[in-house]
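Before any comments, here is the structure.
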Amino acid sequence: TSLEDRVLSSNPLLESFGNARTLKNDNSSRFGKFIKISFNTDTGTIVGASISNYLLEKTRITTQIEGERNYHIFYQLFSGADEQVLAKF
């Protein structure tokens, strides 16, 4: 796959770490990120990318108000866990 495809395909993973259900929105962004993308000035193709900043709403990890949920990534991880792993939590 191309570098462009890899940069674009990383976004859903980053979103699952930073989005959560709130009272107003099932997929509310609770983070900020800055993606620096470098382009080849001759061809316009992507030659590099990096995430410079990624901020979580840290209190959401331990506490949510009634009707809200934690970050999507936790539910996604547990949805794929077997009974033995789930029993630990």
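FYI, the numbering just counts along the sequence from 1.
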**Prompt:** To which residues is L23 joined in a hydrophobic cluster, defined by side-chain heavy-atom contacts under 4.5 Å among Ile, Leu, Val, Met, Phe, Trp and Tyr, whether direct or through other members?
**Reply:**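 Members other than L23 - counting any ILVMFWY side chain reachable under 4.5 Å - are I65.
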
**Asked** So if you build clusters from Ile, Leu, Val, Met, Phe, Trp, Tyr with side-chain heavy-atom gaps below 4.5 Å, do L13 and V7 land together?
**Response**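 Both belong to a single hydrophobic cluster.
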
**Prompt:** Does Y75 have R69 sitting over its ring (NZ/CZ under 6.0 Å from centre, angle to axis within 45°)?
**Reply:**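 Cation-pi check for R69 and Y75: passes.
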
How many angstroms lie between atom [atom1] of [X] and atom [atom2] of [Y], to the nearest 0.5 angstrom?
X: I37; Y: I46; atom1: CD1; atom2: CD1; value: 5.0 Å
X: L77; Y: S16; atom1: CG; atom2: OG; value: 8.0 Å
X: S50; Y: F34; atom1: OG; atom2: CZ; value: 8.0 Å
X: T43; Y: N40; atom1: OG1; atom2: CG; value: 3.5 Å

Less than 4.5 Å apart, any side-chain heavy atom of [X] and any of [Y]?
X: K33; Y: I35; answer: yes
X: V47; Y: F39; answer: no
X: I61; Y: Y71; answer: yes
X: T22; Y: R30; answer: yes

**Message:** Going by side-chain hydrogen bond (donor to acceptor under 3.5 Å, both in side chains), N27 matches just one of E15, R21, H72. Which one?
**Reply:**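 The single option meeting the side-chain hydrogen bond (donor to acceptor under 3.5 Å, both in side chains) with N27 is H72.
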
**Request:** Indicate whether the side chain of D5 and that of S2 have a donor and an acceptor atom separated by less than 3.5 Å.
**Result:**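 A donor-acceptor contact under 3.5 Å links the two side chains.
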
**Asked** Would a line drawn from the ring center of F17 to the ring center of F31 be shorter than 6.0 Å?
**Response**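 Not under 6.0 Å, so no.
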
**Message:** For N25, is there any backbone N or O sitting under 3.5 Å from a side-chain donor or acceptor partner on S28?
**Reply:**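 Flag not set: sc S28 to bb N25 has no pair under 3.5 Å.
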
**Prompt:** Checking S9 side chain against R6 main chain: does a donor-acceptor pair fall under 3.5 Å?
**Reply:**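 At least one qualifying donor-acceptor pair exists.
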
**Prompt:** For F89 and V85, which heavy atoms make the closest approach, and how far apart are they?
**Reply:**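 That closest heavy-atom pairing would be CD1-O, 3.3 Å.
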
